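Structure first, commentary second.
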Amino acid sequence: MLRKIRITLAALCFTAITLLFLDFTGTLHLWFGWLAKIQFLPAVLAVNLVVVIALALLTLLFGRIYCSILCPLGVFQDIVSWLSARRKGKKARFHYTKEIKWLRYGLLAVFIVLLVAGLNSLAALLAPYSSYGRIAQNLFAPLYQWGNNVLAYFSERADSYAFVTKDVWLKSLPTFGIAVVTFVVVVALAWRSGRTYCNTVCPVGTVLGFLSRFAAFRPTIDASKCSTCRACEKNCKASCIEVGKDGKRIDYSRCVNCFNCLDSCKFGALKYRFAWGKSGRKTSAAQERDPSDIGRRAFLTGTAIALTGTLLHAQENPEDDGKKRDGGLADILPKQAPARSVPVTPFGSESIKKFFQRCTACQLCVSVCPNHVLRPSASLEHLMQPVMSFERGYCRPECVKCSEVCPTGAILKITPEEKTQWKVGVASVDYDLCIVNRDGVKCGNCARHCPVGAIRMVRKDPDSQNRLMIPTVNEERCIGCGACENLCPSRPISAITINGYEVHHTT
Amino acid sequence: MNTKNIDRREFLKKAGTGAATLGAVALAGACAPKKTGKALTQGSGEDSRAHVLETGKMELRVNPATGDRVSLLGYGCMRWQMKKDANGRDTVDQDNVNNLVDYAIAHGVNYFDSAPTYLQGQSEGALGEALSRHPRDSYFIATKLSNFNNQSRAGSMKMYQDSFRHLQTDHLDYYLLHSLGRGGAETFAQRFVDNGMMDFLLKEREAGKIRQLGLSFHGSRDQFDYLLTLHDQYHWDFLQIQMNYWDWKHADGNRNVNADYLYDELDKREIPIVVMEPLMGGRLANPTESVARRLKERDPHASLASWAFRFVGSYPRVLTALSGMVYLEHLQDNLKTFMDFQPLSEEELDFLGTDIADIMARFPTINCTNCDYCMPCPYGIDIPRIFKHYNDCVNNGTFVQNRDQENYEKLRRAYLVSYDRAVPTIRQASHCTTCEQCVPYCPQSIDIPRELLRIDRYVERLKRGTLEGASSGE
């Protein structure tokens with residue numbers, strides 16, 4: 001019964017959280033957005049004490065319910081493990097393993113050090129929720145969007161506006177690579193031995209493990225009823241039940257309360273019951289679990305980073321031989337991101353430092369950004385954490401989607417009205433690239449589209465008859481939304497580009 | 001003028017086709033308004049006009065100078081379908097062109113109008129290919145000197161000679177100085193006088209390489225008057241003008257003169273008229289709903305396009321009306337109008353030129369005919385598609401006028417989504433730099449950057465949801 005409840009709740013949470021990453025319209029967040037906000041690490045980073053304390057109490061009361069129901073990566077592993085168990089003879093494929101303390105606590109220590117040092121993007125490699133977010137955003141979302149595009153194709157032909165084609169593009173090769181590697185590692189571990197990741201790697205699991213070993217309610221073995229058949233041990237995907245000659249123990253710091261053991265015991269020896277104050281755990285020495293997944297992951301991460309540089313589009317400019325025929329379309333070079341002295345972070349993130357310290361790189365904001373502005377950073381320092389760039393669109397004044405979904409408080413919730421009070425960066429003009437200088441034609445598209453009127457067009461040659469105007473930036477007004485950069489006709493690099501502010505300005 | 005040559009040719013042609021049709025031909029025009037308003041009650045049975053494709057006779061008009069018997073429906077070769085070839089370049093679908101040309105000739109169409117610039121430069125070649133499969137004396141070829149950019153003698157000469165090669169012919173029946181009407185004497189001198197092309201073309205006409213020399217006109221009244229003063233000097237054999245029931249009285253007065261003025265002036269001088277844009281680039285085939293309703297009420301069977309064609313065909317000085325037929329269905333529909341042609345009554349002409357055009361004037365459409373002369377925009381903007389999308393929305397009533405409108409949210413989404421579907425984001429109006437390089441090419445004298453900015457501002461307001469609550473023109 002308990003197991004069925006657990007499976008039902010887990011399925012609901014998992015589906016809802018996955019949909020958060022798939023639903024690019026951002027409407028589901030109205031209903032399920034809270035599921036991202038009650039994730040442990042995001043809540044810690046958001047200094048959301050209510051959630052953190054609630055999760056701690058929940059664990060103290062009932063054990064690591066969080067891991068078996070709320071954590072999408074945990075449930076994802078359960079699904080993989082369940083699929084694995086459907087193979088012939090693999091139903092009860094687990095056995096007890098000793099805790100790999102040095103790895104478990106070592107990783108937690110490293111994780112905390114990284115967070116404190118502000119190296120969130122490295123820490124995020126270990127974080128369960130954001131790992132799942134990256135997998136969902138990089139691997140599942142494209143499939144979902146292609147499915148949507150198939151519907152949109154038919155919708156268009158049926159003159160319906162129900163489905164709209166959505167551009168699917170690789171937002172960051174390193175992040176994609178990391179998502180793939182994480183996916184492969186997690187699937188491989190879960191396929192072989194269930195919840196190894198949760199009990200050996202996951203820092204959240206380790207932290208909750210400190211609490212769950214004292215949990216008020218936990219599965220306990222009634223030695224008088226136990227026939228030592230080891231059915232429970234073989235069914236424990238956390239590998240935390242030891243049924244040996246010298247006793248029967250459950251390592252509660254690793255138990256994720258899946259309740260599989262309860263159902264597996266034919267003798268009714270296992271019960272989930274109130275057991276406050278009793279310790280069921282014995283210390284144990286190291287064992288043979290292979291820690292190489294971490295090394296492999298780190299290696300692959302590095303490889304992926306090395307590949308970044310190859311992402312640039314190559315397309316030559318068609319030669320302009322003057323207009324000789326009618327019709328046809330001029331080729332358009334894809335835009336390339338300029339070098340930004342300071343990265344641009346979303347409206348509502350207040351400062352670069354705060355943003356990068358709070359962000360777990362879960363990609364939720366990237367998933368919902370309708371203007372293709374947010375994408376994972378490719379810089380080593382902020383790898384996978386989102387930054388703004390304007391090759392495909394700009395931060396439109398009426399949109400505050402990212403601020404609505406951010407679970408960690410890295411992007412504070414703002415309204416479109418509040419958005420106008422923030423300045424996240426400032427534009428600057430490269431007059432060599434500006435087509436007014438380069439092609440000698442009229443333009444001013446940046447000024448026309450600036451939502452705050454921060455671009456002054458001034459005479460190019462005040463002393464001559466030349467009536468061409470060139471743009472200048474009113475830094476006091478510029479908010480850094482990127483409209484000018486996005487709509488600048490200069491390609492591949494815009495003549496007017498945005499640099500972020502270390503600390504966002506307010507009006 | 002070598003009338004002898006033409007007479008002989010004409011004689012052979014007549015012998016070929018037989019004299020029987022002569023009576024029917026001629027005079028179609030001379031006595032224009034025959035019909036009364038009976039269509040209203042009787043419905044005139046356009047449906048039953050299907051049979052004319054089998055049994056009907058193409059309406060022919062005689063060019064008095066040559067005796068050419070020209071089909072009243074002329075084939076404009078500017079709008080054929082383009083396909084992407086292996087390299088992703090737009091290419092004319094030659095099989096399709098062959099089929100259309102064959103079908104047209106089989107049903108009596110014998111006037112084909114091309115230009116070196118059409119279809120990204122592929123129109124003449126495709127037409128030449130298709131026509132080469134028919135006897136040369138069974139059709140008339142019209143093409144143009146489109147020396148807009150390169151006005152050098154060498155460049156113009158090459159363009160002229162290329163036309164012969166592409167069209168696979170040793171003579172051009174109708175040759176036009178392409179798109180005059182702006183820049184007055186100065187531009188005319190630049191394009192045709194200073195480089196000696198005009199003298200050259202006059203000699204070619206004498207030599208019979210060009211049988212009829214004329215010009216195509218888009219522009220204001222004084223420009224037109226100026227070109228007519230050249231008539232004494234050069235003798236224009238014909239003029240090609242934009243004429244349809246909208247332009248009859250509603251052409252933009254400042255920049256483009258009304259067609260009724262053009263027609264009357266040419267009629268006075270007995271200069272044959274070739275009509276272009278009788279459908280305004282297809283827009284009269286898909287007019288505003290209220291216009292469509294009025295026309296269908298008059299005759300539920302008649303296609304909307306047929307009204308526009310009958311309008312221009314009802315004027316006797318019109319030698320041929322060009323239609324850029326893309327699909328076989330266009331061709332068939334037009335043939336049903338021009339075979340066993342029925343001119344409109346005075347009352348019907350007035351109904352279109354005044355009542356209907358007045359209704360159209362109330363809608364903020366853009367007078368774009370999708371001729372593509374403005375393209376390619378150097379900054380990659382798809383100007384005609386943007387205008388077409390906008391006009392379609394205005395005409396179909398899916399245009400969002402204000403926030404208090406019924407179905408505001410639905411219409412708003414429909415407009416934005418259909419805009420993205422019609423024009424890729426990077427080719428939309430928001431990318432217009434207002435460099436104005438397109439402006440001189442527009443035969444309709446549309447202030448393209450201004451209209452693009454207008455549409456862009458409109459779209460921006462839709463996106464932000466800041467459209468006015470009150471009703472507004474935009």
Side-chain angles (χ1 to χ4, degrees), chain A residues 152-153 155-157 159-167 317-318 320-335 370-372 391-394 396-399 416 434-436 439-449 451 457 468-469 483 486-491 495, chain B residues 78-79 82 88-90 115-123 146 148-150 155 159 370-385 410 413-418 420-421 424-428 430-438 441 449 453 456-457 460 463-466:
Chain A
Y153 176 88
S155 167
E156 182 169 353
R157 267 137 200 86
D159 263 340
S160 147
Y161 301 107
F163 295 93
V164 180
T165 307
K166 174 95 180 154
D167 274 353
N317 207 342
D320 183 19
D321 56 350
K323 185 176 173 315
K324 281 188 191 139
R325 24 204 63 150
D326 301 330
L329 292 163
D331 286 340
I332 298 180
L333 288 170
K335 288 226 175 205
N371 300 307
H372 303 290
E391 292 79 67
R392 289 166 178 260
Y394 61 95
R396 291 197 47 87
E398 72 276 4
C399 175
C434 180
I435 64 160
V436 179
D439 302 354
V441 293
K442 233 168 82 172
C443 186
N445 210 34
C446 48
R448 270 193 298 283
H449 289 91
M457 297 302 289
L468 289 176
M469 312 274 269
N486 175 245
L487 294 170
C488 174
S490 167
R491 287 169 179 273
Chain B
M78 192 176 82
R79 297 183 191 270
M82 306 287 272
R89 295 275 155 209
D90 293 326
T117 47
Y118 287 173
L119 296 172
Q120 304 182 37
Q122 299 172 39
S123 170
S146 320
F148 306 118
N149 294 291
N150 185 349
M159 188 173 262
N370 296 309
C371 72
D372 267 7
Y373 284 21
C374 54
M375 296 292 281
C377 159
Y379 296 101
I381 293 161
D382 197 344
I383 301 164
R385 298 277 290 169
K410 220 173 129 191
R413 179 175 161 84
Y415 189 96
L416 293 174
V417 172
S418 61
D420 283 349
R421 283 177 181 170
T425 333
I426 50 167
R427 301 197 184 279
Q428 288 180 357
S430 59
H431 289 271
C432 174
T433 65
T434 66
C435 73
E436 297 177 346
Q437 293 178 56
C438 51
Y441 295 101
L453 294 196
D456 182 37
R457 277 196 304 272
E460 186 65 23
K463 283 187 179 168
R464 291 198 200 177
T466 54

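Numbers restart at 1 for each chain; the letters A, B, ... are given by sequence-line order, proteins then strands. It should be emphasised that the depicted structure is a prediction, and the values quoted were computed from it without experimental measurement. Only this structure's heavy atoms are used, side chains among them; waters, hydrogens and symmetry mates stay out.
Within the 4.5 angstrom heavy-atom criterion, only backbone atoms of Ala162(A) (N, CA, C, O) approach chain B. Within the 4.5 angstrom heavy-atom criterion, atoms from both the backbone and the side chain of Ser418(B) approach chain A. Neither the backbone nor the side chain of Ser490(A) comes within contact range of chain B, judged by heavy atoms closer than 4.5 Å. In this structure, chain A has a heavy atom under 4.5 Å from the side chain of Asp456(B), while its backbone stays farther away. Heavy atoms closer than 4.5 Å to chain A are found nowhere in Gln122(B), neither backbone nor side chain. In this structure, chain A has heavy atoms under 4.5 Å from both the backbone and the side chain of Lys463(B). Interface residue Asp382(B): backbone and side-chain heavy atoms are both found under 4.5 Å from chain A. Heavy-atom distances place the side chain of Asp439(A), and not its backbone, under 4.5 Å from chain B. The parts of Pro451(A) that come within reach of chain B are both its backbone and its side chain, each placing non-hydrogen atoms under 4.5 angstrom from that chain. Using a 4.5 Å cut-off between heavy atoms, Ile383(B) does not touch chain A at all. For Glu436(B), the part sitting under 4.5 Å from any heavy atom of chain A is the side chain, from C-beta outward, and nothing else.
In this structure, the side chains of Lys442(A) and Pro449(B) stay at 4.5 Å or more apart for every pair of heavy atoms. Counting heavy atoms from C-beta outward, Arg392(A) and Thr425(B) have side chains that stay 4.5 Å or more apart. Proximity of Ile435(A) to Thr433(B): side-chain heavy atoms (C-beta onward) are separated by under 4.5 Å at one or more points.
In plain terms, the two heavy atoms of Gly328(A) and Met375(B) that are nearest each other are O-CE, 3.3 Å. Of all the heavy atoms in Ala330(A) and Pro376(B), the pair that sits closest is N-CB, 3.7 Å. In terms of heavy-atom proximity, Ile426(B) sits nearest to Ile332(A) at O-CD1, 3.6 Å. The shortest heavy-atom contact between Tyr161(A) and Arg421(B) is CD2-NH1, 3.7 Å.
Separation of atoms CG (Asp90(B)) and CG (Leu329(A)) is listed at 7.0 Å; rounding is to 0.5 Å.
For the set Ser430(B), Gly380(B), Gly121(B), the count of heavy-atom pairs under 4.5 angstrom toward chain A peaks at Ser430(B). Contact count against chain A (heavy-atom pairs under 4.5 Å) is highest for Arg427(B) among Glu460(B), Arg427(B), His431(B).
Between the side chains of Asn445(A) and Tyr379(B), no donor-acceptor pair is found at a separation under 3.5 Å.
A donor-acceptor distance shorter than 3.5 angstrom exists from the side chain of Arg448(A) to the backbone of Cys432(B), with no hydrogens or angles considered.
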* To do: List the steps, then state whether side chain to side chain contact (heavy atoms under 4.5 Å, CB included) holds for Arg413(B) with Val164(A).
  => CA-CA 10 Å; Arg413(B) 179 175 161 84; Val164(A) 180; 3.4 Å; yes
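Open room surrounds CZ on Arg89(B); 12 or fewer heavy atoms of other groups in view lie less than 6.0 Å from it.
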